[in-house]
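Keep in mind that this is a model prediction, so the values were computed, not measured.
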Amino acid sequence: MIHKVKALTPKQLYQKGEVLREKDKHLEALQVLDEAIVRSVEARNYRNLIDTLKARVLTWKHLFLLSKDLVYRTLARKDAESMLEIANEFHLKDKLHTSYFRLGEVDMLFEDYPKAIKNYKKALKTYVGPISEKGDYRYHLGEAAYRSGDKKTGKETILEGLKEIDKGADQIDSFVIHVWESGAYMRLADLLRKDEPEEARKYFAEALKIIESDPKLIIRRRQIEELSKSLGV
């Protein structure tokens, strides 16, 4: 007797793609996310479609940072723009913030910091959800501000984002909190390495402590090794 394997739902495919990306298996993640896009459209599940495009933007981003191939950031931009267009087309107001946030991330890849600031601010203005994720958005805004030349505001904004992440930490999966917290500390370490080297080393140590505490932080483990070389620690 042949047993049929139940096909994964669009949401399950999206989640599987997310897991693969977090394991640094980006090409495998893209294959699954492509299927999730097709299945989401077939099911007219446009919220899941936006979530899947969001995951693909992040996957393109990682591939760009790993390879420096400019094509990846262009692909990331197109998917981010599609997210916003779909959210507007189908009046999905709860998906506007994540669309603007991904656009801001892509702007950062193009080093267009003023545009990134605008999109991050739009993401915060339209945000609906847990305060911890809002803190993640805010620390990205802080990085954009710092890199645009407003270093004081940038640093303060990142630290404010960290407080928000911590404030709502009990409402979010610990792995996600660790991703956001370690990311913020790593950003601080990288940004401050020339202006405030002692502060940079302190924040690096905070990031390292979090990363070493969670074996699931595979990408962060690779990233902090790279940061360690640039900091000379």
Shortest non-hydrogen contact from [X] toward [Y]:
X	Y	value
Asp51	Tyr14	O-CE1, 3.3 Å
Ala207	Met186	CB-CG, 3.6 Å
His178	Leu217	CB-CD1, 3.8 Å
Arg39	Thr9	NH2-CA, 4.3 Å
Ala36	Pro10	CB-O, 4.0 Å
Arg222	Asp24	NE-OD2, 2.8 Å

**Request:** Under the salt bridge (Lys or Arg N to Asp or Glu O under 4.0 Å) rule, what do Glu164 and Lys134 come out as? Steps first, then yes or no, please.
**Result:** CA-CA 7 Å; Glu164 289 176 319; Lys134 193 171 187 178; 5.5 Å; no

Taking the side chain as everything from C-beta on, heavy atoms only, tell me whether [X] gets closer than 4.5 Å to [Y].
X	Y	answer
Glu181	Asp166	yes
Glu22	Ile219	yes
Leu63	Leu30	yes
Tyr185	Ile211	no
Lys95	Arg47	yes
Phe64	Leu70	yes
Phe101	Lys54	no
Val19	Lys16	no

With the 4.5 Å side-chain cut-off for hydrophobic clustering, are [X] and [Y] part of the same group?
X	Y	answer
Leu103	Ile117	no
Tyr72	Val32	no
Leu58	Leu27	no
Val179	Leu188	yes

Thinking salt bridges, do [X] and [Y] make one under a 4.0 Å N-O criterion?
X	Y	value
Glu196	Lys155	yes
Arg102	Glu105	yes
Glu206	Lys202	no

**Request:** Look at the rings of Tyr127 and Tyr137 and say which category their plane angle falls in: under 30° parallel, 30 to 60° tilted, over 60° perpendicular.
**Result:** perpendicular

**Message:** I want to check a possible cation-pi pair here: Arg77 against Phe110, using under 6.0 Å from ring centre and within 45° of the ring axis as the test.
**Reply:** yes

If we ignore hydrogens and angles and just use 3.5 Å, is the side chain of [X] paired with the main-chain N or O of [Y] as donor and acceptor?
X	Y	value
Ser132	Gly168	yes
Arg187	Glu143	no
Ser228	Ile224	no

**Prompt:** Taking atom types as modelled and ignoring hydrogens, do the side chains of Tyr146 and Asp195 form a donor-acceptor contact shorter than 3.5 angstrom?
**Reply:** yes

